[in-house]
Each structure stands twice: as C-alpha cells, then as structure tokens.
Colleague: 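Before anything else, here's the structure in question.
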Protein chains: 2
Amino acid sequence: MSIDPPGFELPLRLFLGFRVLIDELHAELARQGHPHARPMHGFVMQAIGPEGTTAVELGRTLGVSKQAAGKTIETLERIGYVERARDPRDTRRKIVRLTPSGVDVLVRSAQIFDDLRARWAAVIGEERLRDLEADLRKVTPHDVFRLDVPGWFGA
Amino acid sequence: MSIDPPGFELPLRLFLGFRVLIDELHAELARQGHPHARPMHGFVMQAIGPEGTTAVELGRTLGVSKQAAGKTIETLERIGYVERARDPRDTRRKIVRLTPSGVDVLVRSAQIFDDLRARWAAVIGEERLRDLEADLRKVTPHDVFRLDVPGWFGA
DNA sequence: CTATTAACGACAACGACGTTGTCTATTCTA
DNA sequence: TAGAATAGACAACGTCGTTGTCGTTAATAG
C-alpha cells in the first residue's frame, strides 16, 4: 500500500508527475474545446509535424508497426485533427497532415504546459525546477518518445 | 520531431525517466530469473501486500473494476506469482496471496531500484537526487498509483 | 525495355487490456 | 426470516498493439 523501500519512490514520483501534467493538460484542453483529445494524440501529432508524414514513417518514428500507426491516424482523422491526401509524386503514399484543428491542439497544449510548468515553479522555485529538468536530461535517453505505452506497460 | 516549446520537455523527461527505470528493472529481473514479469505486475503485487487481498479490494485500490483486477490476478496466477484460496470465514471471498516467487520479485525489485537510484546519484549527485525527489513529492498527489495506464494513455 | 525487387497502404485475425452488464452464491441486516 | 448488499465468474464489446497477407505502385537490375 505505501512505499516502503526507498528505491520504489523515485519511479513512482516520476510517473505521478507525468500523469498529473497530462491529466491537467487534458482537463484544460477539454475546457478549451478539445474534449476528444487523448494523451497519445499530442505525442502523435507532434511526431507528424508541420510537414506531414506517412503511416510507415510515423510508425518508425514512434517505434510501432505501420499498422498501429495507421489505426491511430484513422482515429485522429475521425476526430478531425488530421487529413490524408495522396502524394502526387508517389501514388502509393498518403501524406498525413495536421488540420487547423490539430494545430490548434498543439498550440494550446504548448501554452497549457507552460502554465503548468509555471505553477510547478511557483511551488518548488524556478531554479529548482531548472535543476530538475537538467538532472533528468542527464539520466534519460535523448531518444525520441516511443508510443507503445499501453502494450509496454501491460502486455 | 524535436521538443520545441519549453513546456513540452518536462512531461517528456518525467516519462522517459520512469520508462528508463522500469525498463532497466525488467531487464535485470529477466536476468535474475523473472523473464515474465511485466511493469504492471510489480505495482499490482505491491498493492496485494503481505496480507493478501481480494479482487474487489484490489480493484478499488488500483482504481479499476473488479473484473479487470480479476483478470490481472489470473495472469499473475498463471505465471506463479500469486495463489488464491477461499476465505474460511466468508465462502464468497477468495484471498489472493503472493507466492514465494512473487515475494522474490518484490525483494529483487527493491534491490534493483536501489541500485538504479545509486546510479542516478552517481551521475547527478546524491544531494540533487534528494532534491529531485523532494520536489516531485511537492507537486504530485499523495494518492496511490492508478493502474489504468493502458486505457488512460491510449483509449 | 522488361522483369524482379522493394515499398506503401489496406484488410483480417489474434491476444491483451479495459469497460459494462448479468448471474449465482453467500453474507449481512432490517 | 425476507430482502439488500457483496464476492466472484462469465460473456460481450471496443481499443490498442501485434503478425500475416494482398494488390498496387515505384525503383532497380538485367
């Protein structure tokens, strides 16, 4: 029930910190007109980027199969955050691009994350927060985000 | 692709830190004879505790339905980390208890987490690591861990 | 220039995870 | 003692990931 061995606390706190930020982000996004956005969507849309991508490329970026990436794209398309169009220079490819609504989510997310960060700074101090970020940078991979979170944790 | 807005980095680093610790834990657990342990299993077994629980109680503790808790217990039972027995004082209940193998996972996990923590301390310094933990404690809920990670992130 | 190889996207099947709903058995309570 | 509440089992459903297959299109080797 409680956290007995000292080493158990660190991973727990890291995850709780992540979860708190993501939960508050989405509570605020819902208030601002994006109730259907899910945690993974933000990561996916950021991986898509302003230039757009394809399912295969997105899968590679996020460390999942092209089929999994395709399904996520479908969901994003249904919500209206993404649209697909054939590549005129390669008829096989379908370019995935963010819609204005999708861009809006990213813009608002950036703003909200900044606000949340400021709230943390108000609690622990700006300097300590900078230290925290710098320290985490030293012990985490510079690698990109891997999207296989659901299966990674549970399966 | 990269992390442009400053506010995007903090949640990412927190999650990467969590993921690195969990991944290294399970790599080491696999080496020490526990290749089937999954990230969620550790959290579940810790929630079960030395006294044991029931599916309903476990579900409440972890914030999931009793059916979901029951399925997780089934998996843990199949791997051999948990065993079930009827409660003699209440024939409806089935007490879930850790097997010696399940206890072994927790003991080894505690040791491995301590080692990983020491490795972080060697990189950023023991004092800074203590600050980091103290700061995270201030901005995270004292609430328990919620196990709905897969669905929470993706669905 | 043609034939083989490679890549993209779509479809289906599968297992894991969560959910809600239903059902029986047992215990508690009015 | 009758009725309400609880524990657990079972089924159905939707989502997410996986692998495997297939048709179409592009790149490349002969």
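Each chain gets a letter, A, B and so on, in the order the sequences are listed, and its residues count up from 1.
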Colleague: What one-letter contact string describes nucleotides 21-30 of chain C from 5' to 3', where B marks a base within less than 4.0 Å of any protein heavy atom, S marks contact via sugar-phosphate atoms alone, and - marks no contact?
Modeller: B---BBS---
Colleague: Could you tell me the separation between the CZ atom of A:R38 and the P atom of C:dT19, rounded to a whole number of Å?
Modeller: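 That distance rounds to 13 Å.
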Colleague: Whole-Å distance between C:dA16 P and B:L76 CG?
Modeller: 14 Å
Colleague: Any salt bridge between A:R19 and A:E24, counting N to O under 4.0 Å?
Modeller: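 Salt bridge: no.
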Colleague: I'd like to know if A:K94 pairs up with A:D87 as an ion pair, taking the criterion as any Lys NZ or Arg NE/NH1/NH2 lying under 4.0 Å from an Asp or Glu carboxylate oxygen.
Modeller: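 No, this pair does not count.
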Colleague: Could you check whether B:W120 and A:D135, counting side-chain N and O atoms only, form a donor-acceptor pair closer than 3.5 Å?
Modeller: no
Colleague: How about A:H34 and A:Y81: are their ring centres within less than 6.0 Å of each other?
Modeller: yes
Colleague: Taking CD1 from B:I73 and C1' from C:dA16, how many angstroms apart are they, rounded to a whole number?
Modeller: 16 Å
Colleague: Between D:dT18 atom P and A:D148 atom CG, what is the distance in whole Å?
Modeller: 7 Å
Colleague: Ignoring backbone atoms, test whether A:T72 places a side-chain nitrogen or oxygen under 4.0 Å from the OP1 or OP2 oxygen of D:dC16.
Modeller: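 False: A:T72 side-chain N/O out of range (4.0 Å or more) of D:dC16 OP1/OP2.
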Colleague: Rounded to the nearest angstrom, tell me the gap between atom CZ in B:F153 and atom P in C:dG18.
Modeller: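 Distance check: B:F153 CZ to C:dG18 P gives 16 Å.
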Colleague: For C:dA10 and A:R84 - does any side-chain N or O of the residue sit under 4.0 Å from the phosphate oxygens OP1/OP2?
Modeller: yes
Colleague: Given that B:R86 and A:S65 both sit by DNA chain D, which one's nearest nucleotide is further toward the 5' end?
Modeller: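 The 5'-side residue here is B:R86.
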Colleague: Tell me the interatomic distance from A:W152, atom CH2, to D:dT15, atom C1', rounded to whole angstroms.
Modeller: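 Result: 19 Å.
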Colleague: Would you find a donor on one side and an acceptor on the other, under 3.5 Å apart, between the side chain of A:H41 and the backbone of A:L76?
Modeller: no
Colleague: Validate the cation-pi geometry between B:R146 and B:W152: distance from NZ or CZ to the six-membered ring centre under 6.0 Å, angle to the ring axis within 45°.
Modeller: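 No, B:R146 does not lie over the aromatic ring of B:W152.
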Colleague: Find out whether A:V82 and A:T75 are in side-chain contact, i.e. whether some heavy atom of one side chain is under 4.5 Å from a heavy atom of the other.
Modeller: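 No; the side chains remain at least 4.5 Å from each other.
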Colleague: Under 4.0 Å between any heavy atoms, over every strand shown, what does B:R60 touch: base, sugar-phosphate, or nothing? Just pick one.
Modeller: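 Answer is sugar-phosphate: B:R60 comes under 4.0 Å of backbone atoms only.
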Colleague: Just to be sure I understand the rule, does A:G70 reach a base, reach only the sugar-phosphate, or reach nothing, if contact means heavy atoms closer than 4.0 Å?
Modeller: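 Result for A:G70 = nothing.
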Colleague: Please confirm whether the shortest side-chain N or O distance from A:K71 to OP1 or OP2 of D:dT18 is below 4.0 Å.
Modeller: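 Looking at the OP1 and OP2 atoms of D:dT18, neither is under 4.0 Å from any side-chain N or O of A:K71.
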Colleague: Which part of the nucleic acid, if any, lies within reach of B:L147 when heavy atoms closer than 4.0 Å are counted: base, sugar-phosphate only, or nothing?
Modeller: sugar-phosphate
Colleague: Between A:P150 and A:E57, who's closer to the 5' end of DNA chain C by nearest nucleotide?
Modeller: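 Between the two, 5'-proximity favours A:E57.
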Colleague: What is the separation between atom CZ on B:R146 and atom P on C:dG18, rounded to the nearest whole Å?
Modeller: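 That distance rounds to 11 Å.
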Colleague: Can you figure out which of D:dT18, C:dG18, D:dA9 approaches the side chain of B:A68 most closely?
Modeller: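 It is C:dG18.
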Colleague: Rounded to the Å, how far apart are A:L62 CG and D:dT18 C1'?
Modeller: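 Result: 16 Å.
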